[in-house]
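The structure appears below as structure tokens.
Here is how names work: the chains are called A, B, and so on, in the same order as the sequence lines, proteins then strands, and each is numbered from 1. As the structure is a computational prediction, the values presented were derived from the model and not from experiment.
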Amino acid sequence: MPELPEVETIARGLDKRTAGDVIDSVWIGSRTQPLKSRPDEIAKMLEGARLKAVRRVGKHIAADLENQDGSPRGQWIIHLGMTGRVLVCPPEIEIPKHTHLIARLHSGRELRFVDPRMFGKLQVVPANTFTAPGKEPLDIGFELFSNLFRKRKTPIKSALLNQKLLSGIGNIYADEALFRAGVRPRRRAASLTRTELHKLYEAIPVVLKEAIAAGGSSISDYVDAAGEEGFFQLQHRVYGREGEPCLICKTPVKRIVISGRSSHYCPKCQK
DNA sequence: ACTATTTCCTGGATGC
DNA sequence: TGCATCCAGGAAATAG
């Protein structure tokens with residue numbers, strides 16, 4: 001599932017591949033679930049637009065669009081949800097099931113948005129207006145970070161998933177960061193000591209950057225190819241390792257459910 | 001102002 | 001083999 005590191009890698013790959021290209025025409029499927037803007041608004045914004053740059057904002061992919069004369073035109077915002085994919089491929093590649101949008105590029109290739117579960121979202125907004133709902137976990141300072149969490153009664157795991165606080169952390173990296181910080185996911189955010197908060201503050205960018213580094217190449221391949229390559233591999237220390245030995249102390253990793261989300265932790269290493 | 005729960009959606013895994 | 005059921009989860013919507 002695409003979280004900050006995956007979105008970062010995909011956005012970089014897209015930028016590398018499509019920056020400077022022009023969208024000649026657009027096909028939009030009939031399913032409205034993945035559309036946050038009206039289809040005609042999306043088509044109007046995209047058709048004839050030049051892709052100036054593609055980057056990550058929180059868990060969103062933001063494409064800055066410009067007119068032929070170089071003036072700002074707007075932004076195309078893509079959220080991948082759970083299963084969203086963005087493919088850049090030649091038009092003769094078979095169109096996968098659950099393709100919701102195809103942008104035909106002047107270079108002859110196609111940019112396709114595919115999303116079986118339709119938790120992803122497409123929208124267009126005016127130029128330079130899109131911002132993440134919360135703080136960027138790679139940029140934030142400790143005082144600000146600390147203020148986000150120190151008064152919350154919700155479990156720290158839930159707080160980490162709240163995009164209005166930090167934008168970009170999902171279920172996997174929340175678990176991984178909490179493991180490295182030595183903090184159990186069910187702990188109330190407000191109960192973390194300053195020391196624990198600081199450990200968490202340091203663990204988050206470490207985990208995210210490691211993931212970006214580890215995932216970079218395979219995701220690039222994925223975007224580059226026709227789309228069926230495996231998702232990126234990462235060394236998870238707790239996520240998805242229920243019952244397996246903790247890599248530090250060999251204690252079996254526990255899995256619990258916190259507000260409907262599976263959460264993994266080592267009962268010995270995390271307090 | 002917060003927090004917790006429900007809902008959206010499909011495919012893969014599981015159980016009988 | 002086939003059919004039903006459950007589960008995965010980001011974030012918006014709803015309820016408390």
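- Put simply, the side chain of Arg261(A) and the base of dA8(C) share no donor and acceptor less than 3.5 Å apart.
- Nearer the 5' end of DNA chain C, as judged by each residue's closest nucleotide, is the contact made by Asn171(A), out of Asn171(A) and Lys36(A).
- The aromatic rings of Tyr239(A) and His236(A) sit perpendicular, their planes meeting at an angle over 60°, well past the 30° parallel limit.
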Verify salt bridge (charged side-chain N to carboxylate O under 4.0 Å, His left out) between Arg194(A) and Glu143(A), making sure each step is shown before the conclusion.
CA-CA 10 Å; Arg194(A) 196 170 169 83; Glu143(A) 285 311 314; 2.6 Å; yes

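- In Lys97(A), the NZ atom is not crowded: 12 or fewer heavy atoms of neighbouring residues, nucleotides or ligands sit closer than 6.0 Å.
- Contact check on Arg55(A) versus Asp15(A) returns no salt bridge, with no Lys/Arg side-chain nitrogen under 4.0 Å from an Asp/Glu carboxylate oxygen.
- Two end axes, each from the C1' atoms of five base pairs, can be drawn for the helix from dC2(B)-dG16(C) to dC16(B)-dG2(C); they diverge by 50°, to 10 degrees.
- Note on Thr83(A): every side-chain N or O is 4.0 Å or more away from OP1 and OP2 of dG9(C).
- The interatomic distance linking Lys164(A) (NZ) with dA11(C) (P) rounds to 9 Å, in whole Å.
- Met82(A) comes within 4.0 angstrom of a base, heavy atoms only.
- Rounded to an integer number of Å, the gap from CG of Asn162(A) to C1' of dG9(C) is 15 Å.
- The aromatic rings of His100(A) and Phe113(A) sit tilted, their planes meeting at an angle between 30° and 60°.
- Side-chain N/O atoms of Ser262(A) include one lying less than 4.0 angstrom from OP1 or OP2 on dG9(C).
- Here the straight-line distance linking atom NZ of Lys209(A) with atom CG of Leu4(A) works out to 11.0 Å at 0.5 Å rounding.
- Heavy atoms of Lys121(A) sit nowhere under 4.0 angstrom from any nucleic acid atom.
- In this structure, the nucleotide among dG11(B), dA4(B), dA11(C) sitting nearest to the side chain of Lys59(A) is dA11(C).
- As judged by a 4.0 angstrom heavy-atom cut-off over every strand, Phe149(A) is placed among residues making no nucleic acid contact.
- Of the side-chain N and O atoms in Tyr173(A), none sit less than 4.0 angstrom from OP1 or OP2 of dG10(C).
- An OP1 or OP2 oxygen of dC9(B) is reached within less than 4.0 angstrom by no side-chain nitrogen or oxygen of His98(A).
- Atom CE in Met118(A) sits about 16 Å away from atom C1' in dA11(C), given to the nearest Å.
- Dashed line: the shortest gap from a side-chain N or O of Arg117(A) to OP1 or OP2 of dA8(C) is not under 4.0 Å.
- Arg255(A) has its CZ atom 9 Å from the C1' atom of dC7(C), to the nearest Å.
- Separating the CD1 atom in Ile140(A) from the OG atom in Ser146(A) is a distance of 9.5 Å, to the nearest 0.5 Å.
- Note: Ile61(A) CD1 to His79(A) NE2 = 9.5 Å, rounded to the nearest 0.5 Å.
- A straight line from CG of Leu35(A) to C1' of dC8(B) spans 15 Å, rounded to a whole angstrom.
- As rounded to whole Å, 8 Å separates atom C1' of dC2(B) from atom NZ of Lys153(A).
- Between Gln33(A) and dC8(B), a side-chain N or O to OP1/OP2 separation shorter than 4.0 Å is absent.
- Atom CZ in Arg31(A) sits roughly 5 Å away from atom P in dT10(B) (whole-Å rounding).
- One atom, CZ of Phe119(A), and another, C1' of dC7(C), lie 12 Å apart when rounded to the nearest Å.
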